[in-house]
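Side chains included, hydrogens not; waters and symmetry mates left out as well; all remaining heavy atoms used. We name chains A, B, ... by the order of the sequence lines, and we start the count at 1 in each one.
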Amino acid sequence: MALDGKLADLADPIEKDARIEFISREDPRALELIRHDAAHVMAEAVQSLWPGTQVTIGPVIENGFFYDFYRNQPFTSEDLPVIEKKMREIIARDKPFTKEVWPRDEAKRVFKEKGETFKVELVDAIPPGEQLKIYHQGDWFDLCRGPHMTSTGKIGNAFRLQKVAGAYWRGDSNNPMLTRIYGTAFAKQDELDAYLHQLEEAEKRDHRKLGREMDLFHFQEEGPGTVFWHANGWTIFQEIVAYMRRRLKGDYREVNAPQLLDKSLWETSGHWGWFRENMFMAQSAGEETEDPRIFAIKPMNCPGHIQIFKHGLRSYRELPLRMAEFGVVHRYEPSGALHGLMRVRAFTQDDAHVFCTEEQMAEECLKINDLILTTYADFGFEGDLTVKLSTRPEKRVGSDAAWDHAEGIMHNVLKQIAQSNNRIKTAINPGEGAFYGPKFEYVLRDAIGRDWQCGTTQVDFNLPERFEAFYIAADGSKKPPVMIHRAICGSMERFLGILLENYAGHLPLWLAPVQAVVTTIVSEADDYAREVVAQARRAGLRVEDDLRNEKINYKVREHSLAKVPVLLVVGKKEAAERLVSIRRLGKEGQQVMPLDAALKALAEESVPPDLRRMRQVA
RNA sequence: GCUGCCGUAGCUCAGUGGUAGAGCACUCCCUUGGUAAGGGAGAGGUCGAAAGUUCAAUCCUUUCCGGCAGCACCA
């Protein structure tokens, strides 16, 4: 049941006036209970199968539940069916869930006797004054804040254990590793089936799989976390960069700073102190050179940009000075963090640093905000967007006063951003800022509801001072500029991966590496097909031919699997009348059109959204 | 980095303590076929690396490298 909208046990006493609702299994709110109950039953199953296993915590999560166990020998996926079978037995017994409130000492004593040391720790962690609730299901019991349904039988059979994985006790890598078992449960079997089906669909759009199928990129052992871009993938990459360059035109000046810089420069910036663990360094490899200098491979572009800013005297008249670079940075990411294009050790940032005065700062942040929003829309992200303000972390440089000031301005800007557009949600991330300043993080939502952090705007009062960068103010004094670090896509590699998954490989024409393939039904049409290719290229389209001696079915299948958006099929008829048969990816059937008209339409369709917009204005 | 699992042909995967197999892809031949796999032949692997156990290791053990899932991390 629910009291004043809050879930409670059916057996709970009602101590004051409250709005009472009885929640059936079918109620969406019951899902949480079903999953939580299932977690408890799983814990009982595990302990009855392997006595001596300690239970720790087992919460409900977004799509299911997990329970963390401590056992000398971790579980394997082969144990899952065994546990599931036991769970079905426990559910069939249909024992009631009953609650008791225990005194703290009693609880500690019982758990200590059972050898449940983790539970003892949990008891200690419960704030004094809060009740210690113990839930029983038959002979088995567990410390739990509840609530639960009335009996184990209510869980039903629509559940599935999914995977086992390691997880640290209390999420701290210094603590012992536990074994976590993930599962999910639903009220009805068809809901479970639908969820499992959705997981399969998500797997199909995994960018690593699409990268192979579309011949975009690969990885190999010698370069862990670094991308080999194939021609197709690099075409998309360059198309995205070209888009960003067009968007920067006028406002920004693009630069390029060195890949290797002396270690001393990174000591000045603070990177060598804080983030050396994540940096690569380089030295002359020749044994004869006797050059001992140590260089760091840049993990960020900002120190380089500051050097460019510092080169020569800057006037307040030059501000805001917006310096952009599509810089390649290297970061030594932990091996377990690497994941396709999403987390790599070398990547390209669409980076920029805005050097400005304090007064200009808020306006610059809003201007960047605008650039980010329009860019995401152009790349087809039309769902919700969250802007998070991350505040001072523990590892940081600069005075508290400077942080107070910067965070104050950022809070204000955040308010304005929230009011500017109703698609935007805002949030605060305490302690998540960069070591040199607070930041905004832009989180976009893709076509299947996953969130990705891409863009970021970071205000920095510290680095310019560390490097003694200044400008001459109107009154003739030297002043350090405020520096705003910003990226729109963030990592281009990652952004491309997100795009691929968002579109499930079905890229819009302007981004597709091969926009069309011209293919023949009979070899008599080869000459005409070659002419179609030549004309299409003249119209600015990325087109390939496929004159292989294969059946049209075979060729259609192959190019469809490679996600080519448009197939231009020509046979005897088309060759005779200067026509093309157009087949679109993912659609059945085709449209026969005169060649000229078809190319004109495709050329029009392949215009990038920003250029299209400009044309409409003109 | 941690825990678990995995590493066999370009891809997907089978298999064995006595030195390897399938499908697709590739090459050649036949086929000219109207919108998601036409037929045949051929070529292709020091079974991730090193050490150990053994008469014998792709298979068992150890270490290392890489991948996958989760955790931790993500300036």
Please state how far atom [atom1] in [X] lies from atom [atom2] in [N], giving the value in whole angstrom units.
X: A:Arg345; N: B:C65; atom1: CZ; atom2: P; answer: 11 Å
X: A:Arg548; N: B:G33; atom1: CZ; atom2: P; answer: 18 Å
X: A:His339; N: B:G66; atom1: NE2; atom2: C1'; answer: 16 Å
X: A:Ile521; N: B:U35; atom1: CD1; atom2: P; answer: 8 Å
X: A:Asp172; N: B:G1; atom1: CG; atom2: P; answer: 18 Å
X: A:Phe219; N: B:C11; atom1: CZ; atom2: P; answer: 15 Å
X: A:Lys573; N: B:G33; atom1: NZ; atom2: C1'; answer: 17 Å
X: A:His218; N: B:U12; atom1: NE2; atom2: P; answer: 13 Å

With a 4.0 Å cut-off, would you call [X] and [Y] a salt bridge?
X: A:Arg450; Y: A:Glu501; result: yes
X: A:Arg170; Y: A:Asp172; result: no
X: A:Arg584; Y: A:Glu605; result: yes
X: A:Glu201; Y: A:Arg205; result: no

Base, sugar-phosphate, or nothing for [X], non-hydrogen atoms under 4.0 angstrom?
X: A:Gln591; answer: nothing
X: A:Arg276; answer: nothing
X: A:Lys555; answer: nothing
X: A:Val164; answer: nothing
X: A:Ser581; answer: base
X: A:Lys395; answer: nothing
X: A:Leu567; answer: nothing

With rounding to the closest Å, how many angstrom separate the [atom1] atoms on [N] and [M]?
N: B:C13; M: B:C71; atom1: P; result: 24 Å
N: B:C29; M: B:G67; atom1: P; result: 41 Å
N: B:G18; M: B:C47; atom1: P; result: 15 Å
N: B:G44; M: B:A37; atom1: P; result: 31 Å
N: B:G10; M: B:G45; atom1: P; result: 8 Å
N: B:A41; M: B:C24; atom1: P; result: 12 Å
N: B:U61; M: B:U53; atom1: C1'; result: 7 Å
N: B:G48; M: B:G15; atom1: P; result: 15 Å

Close N/O contacts between protein and nucleotides 73-75 of chain B (under 3.5 Å):
from, atom 1, to, atom 2, distance (Å)
B:C73, O2, A:Arg343, NH2, 2.7
B:C73, N3, A:Arg343, NH1, 3.0
B:C74, O4', A:Arg343, NH2, 3.3
B:C74, O2, A:Arg343, NH1, 3.2
B:A75, O3', A:Tyr436, OH, 3.4

Inspect the surroundings of [atom1] in [X] and state if more than 12 heavy atoms from other residues, nucleotides or ligands are less than 6.0 Å away.
X: A:Arg160; atom1: CZ; result: no
X: A:Lys310; atom1: NZ; result: yes
X: A:Glu468; atom1: CD; result: no

[X], nearest nucleotide to its side chain (from [options]):
X: A:Asn553; options: B:A37, B:C5, B:G66; answer: B:A37
X: A:Ala167; options: B:C65, B:C71, B:U35; answer: B:C71
X: A:Leu338; options: B:A37, B:G1, B:G67; answer: B:G67
X: A:Glu221; options: B:G33, B:G34, B:G48; answer: B:G48

Results of side-chain contact (heavy atoms from CB on, under 4.5 Å) for A:Leu585 - residues two or more places apart only: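 Listed in chain order: A:His506, A:Ser560, A:Lys563.
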
Could you pull out all donor-acceptor pairs under 3.5 Å where a side-chain atom in residues 345-354 of chain A meets a protein atom, sequence neighbours excluded?
from, atom 1, to, atom 2, distance (Å)
A:Arg345, NE, A:Glu333, O, 3.0
A:Arg345, NH2, A:Glu333, O, 2.8
A:Thr348, OG1, A:Glu493, OE2, 3.2
A:Gln349, OE1, A:Asn301, ND2, 3.2
A:Asp350, OD1, A:Ile488, N, 3.4
A:Asp350, OD1, A:Cys489, N, 3.2
A:Asp350, OD1, A:Gly490, N, 3.0
A:Asp350, OD2, A:Ile488, N, 3.2
A:Asp350, OD2, A:Cys489, N, 2.7
A:Asp351, OD2, A:Asn301, ND2, 2.8
A:His353, ND1, A:His305, ND1, 2.8
A:His353, NE2, A:His485, ND1, 3.1

Are the side chain of A:Thr457 and the backbone of A:Phe440 linked by a donor-acceptor contact shorter than 3.5 Å?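 Checked: no pair found.
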
Is A:Glu574 side chain donor-acceptor paired with the B:G34 base, going by distance under 3.5 Å alone?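 Counting by modelled atom types and ignoring angles, a donor-acceptor contact under 3.5 Å is found here.
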
Taking 4.0 Å as the cut-off, does a side-chain nitrogen or oxygen of A:His559 come that near to OP1 or OP2 on B:U35?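 The answer is no; no side-chain N or O of A:His559 sits under 4.0 Å from OP1 or OP2.
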
Hey, is the side chain of A:Tyr554 poking within less than 4.0 Å of OP1 or OP2 on B:G39, counting only N and O atoms?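 For B:G39, neither OP1 nor OP2 has a side-chain N or O of A:Tyr554 closer than 4.0 Å.
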
Do any of residues 175-184 of chain A sit with a heavy atom less than 4.0 Å from RNA chain B, and if so which?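 Of all residues in residues 175-184 of chain A, the ones placing a heavy atom under 4.0 Å from RNA chain B are A:Met177, A:Arg180, A:Tyr182.
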
With a 4.5 Å cut-off on side-chain heavy atoms, are A:Trp274 and A:Val397 touching?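 In short, these two side chains touch, coming nearer than 4.5 Å.
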
Which residue, A:Phe69, A:Tyr67, A:Trp169, forms the ring pair (Phe, Tyr, Trp, His ring centres under 6.0 Å) with A:Phe118?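 Output: one option passes, namely A:Trp169.
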
I need the full list of side chain to side chain donor-acceptor pair (under 3.5 Å) pairs touching residues 433-443 of chain A, with sequence neighbours left out, sorted by first then second residue.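 Side chain to side chain donor-acceptor pair (under 3.5 Å) check on residues 433-443 of chain A returns A:Asn369-A:Tyr442, A:Tyr436-A:Gln458, A:Lys439-A:Glu441.
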
Based on Watson-Crick and G-U pairs with both distances under 3.5 Å, what dot-bracket line describes RNA chain B 5' to 3', crossing pairs as [ ] and inter-strand pairs as |? (((((((..((((....[..)))).(((((.......))))).....(((((..]....))))))))))))....

If you draw the axis of the six-membered ring of A:Phe66, does the NZ or CZ of A:Arg180 fall within 45° of it and under 6.0 Å from the ring centre?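 Yes, A:Arg180 lies over the aromatic ring of A:Phe66.
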
